[in-house]
Amino acid sequence: EVQLVESGGGLVQAGGSLRFSCAASGFTFDDYTIAWFRHASGNDREGVSCISSSDGGTYYADSVKGRFTISSDNAKNTVYLQMNSLKHEDTAVYYCAADRILVCKANMTTMRSWYIYWGQGTQVTVSS
């Protein structure tokens, strides 16, 4: 059974940090693009960051560039999202997603419906 399991969400004050993990089972990351999306109340689901597990290529949305860092440990089949300098507007449910065909690049929000595997989501609340 294929699963993506996110962990690391929670409540944090503005300016604080959190680290997400997305652990995969049932498939290996090696040829996949792994992405983080978020869904804030009243907004569409937006792409935050992605990484190509094959070559390590990454992309960050402008809203998180310089504050978030995505990384992959293929041996552990796990992708991480380190989030620093959190802002109130980062409050959302965060999801990891994976796809073998999609390429990690700036159109990730547009292509969100094409990601084949999704995690269950984890809530982040940033208090101002």
Side-chain angles (χ1 to χ4, degrees):
E1 180 186 7
V2 171
Q3 277 192 315
L4 292 175
V5 179
E6 303 105 334
S7 60
L11 173 64
V12 64
Q13 288 188 332
S17 297
L18 285 173
R19 188 193 194 209
F20 283 151
S21 298
C22 174
S25 60
F27 70 100
T28 55
F29 270 179
D30 292 16
D31 295 324
Y32 281 74
T33 288
I34 312 298
W36 287 96
F37 291 85
R38 66 186 180 187
H39 191 184
S41 179
N43 293 341
D44 292 332
R45 189 172 298 191
E46 65 169 341
V48 174
S49 181
C50 57
I51 186 167
S52 170
S53 296
S54 60
D55 63 9
T58 60
Y59 164 78
Y60 296 93
D62 287 344
S63 58
V64 306
K65 200 173 294 182
R67 300 188 297 122
F68 291 11
T69 303
I70 192 170
S71 60
S72 176
D73 186 337
N74 288 359
K76 295 183 178 180
N77 240 27
T78 300
V79 167
Y80 305 97
L81 186 69
Q82 177 68 41
M83 304 186 294
N84 299 328
S85 302
L86 283 161
K87 305 175 181 180
H88 177 67
E89 49 264 43
D90 294 318
T91 296
V93 178
Y94 284 72
Y95 299 87
C96 69
D99 195 85
R100 192 170 186 178
I101 298 175
L102 295 175
V103 176
C104 174
K105 56 183 182 179
N107 68 346
M108 62 177 299
T109 295
T110 303
M111 301 300 292
R112 61 184 181 271
S113 63
W114 292 91
Y115 279 82
I116 190 169
Y117 301 132
W118 287 86
Q120 80 284 358
T122 184
Q123 175 72 46
V124 169
T125 302
V126 183
S127 62
S128 55

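Counting begins at 1 with the first residue of the sequence.
- The shortest distance between side-chain heavy atoms of Ser25 and Glu1 does not fall below 4.5 Å.
- In this structure, Phe27 is not a member of the same hydrophobic cluster as Tyr80, with clusters built from ILVMFWY side-chain heavy atoms closer than 4.5 Å.
- Here the side chains of Thr33 and Tyr115 are in contact, with some heavy-atom distance below 4.5 Å.
- Interatomic distance, Glu6 CD to Cys96 SG, rounded to the nearest 0.5 Å: 4.0 Å.
- No donor-acceptor pair closer than 3.5 Å links the side chain of Tyr117 to the backbone N or O of Ile34.
- Note: the hydrophobic cluster containing Trp118 does not contain Val124 (ILVMFWY, side chain heavy atoms under 4.5 Å, direct or indirect links).
- At a threshold of 4.5 Å between non-hydrogen side-chain atoms, the residues Val93 and Tyr95 count as touching.
- Counting only heavy atoms from C-beta outward, the side chains of Val48 and Met83 never approach each other to under 4.5 Å.
- Judged purely by atom type and a 3.5 angstrom limit, Thr58 has no side-chain atom pairing as donor or acceptor with the backbone of Ile51.
- The closest side-chain heavy-atom distance from Arg38 to Thr91 is not below 4.5 Å.
- The residues Lys87 and Asp90 are annotated as not salt-bridged, no charged nitrogen and carboxylate oxygen being separated by less than 4.0 angstrom.
- We find the OH-CG distance between Tyr32 and Asn77 to be 10.0 Å, quoted to the nearest 0.5 Å.
- Looking only at distances, no side-chain donor or acceptor of Ser21 sits under 3.5 Å from a matching main-chain atom of Ser7.
- Between the side chain of Ser53 and the backbone N or O of Asp31, no donor-acceptor pair lies under 3.5 Å.
- Closest approach of Leu4 and Cys22 over heavy atoms only: CD2-SG, 3.9 Å.
- With contacts defined as side-chain heavy-atom distances shorter than 4.5 Å, the pair Met111/Cys50 does not qualify.
- The CZ atom of Arg100 sits 10.5 Å away from atom OG of Ser54, with the distance rounded to the nearest 0.5 Å.
- The shortest side-chain heavy-atom distance between Val79 and Trp36 falls under the 4.5 Å cut-off.
- Residue Val2 is not grouped with residue Val5 when hydrophobic side chains (ILVMFWY) are merged at heavy-atom distances under 4.5 angstrom, including chains of intermediate members.
- In this structure, CG in Asp44 is found 9.0 Å from CD in Glu46, a value given to the nearest 0.5 Å.
- Side-chain contact between Met108 and Phe37 is present, with heavy atoms from C-beta onward closer than 4.5 Å.
- Ring geometry for Tyr94 versus Phe20: interplanar angle of 30 to 60°, hence tilted.
- Put simply, the side chain of Asn84 never gets that close to the backbone of Ser17: no donor and acceptor are under 3.5 Å apart.
- Note that the OG atom of Ser127 and the CG atom of Leu86 stand 10.0 Å from one another [nearest 0.5 Å].
- The closest donor-acceptor contact from the side chain of Gln82 to the backbone of Arg19 lies at 3.5 Å or more, if one exists at all.
- Atom CD1 of Ile101 has 12 or fewer neighbouring heavy atoms from other residues, nucleotides or ligands inside a 6.0 Å radius.
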Q: Test side chain to side chain contact (heavy atoms under 4.5 Å, CB included) on Phe68 and Leu18 and set out the steps.
A: CA-CA 10 Å; Phe68 291 11; Leu18 285 173; over 6 Å; no
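- No side-chain N or O of Asn107 forms a donor-acceptor pair with one of Thr110 less than 3.5 Å apart.
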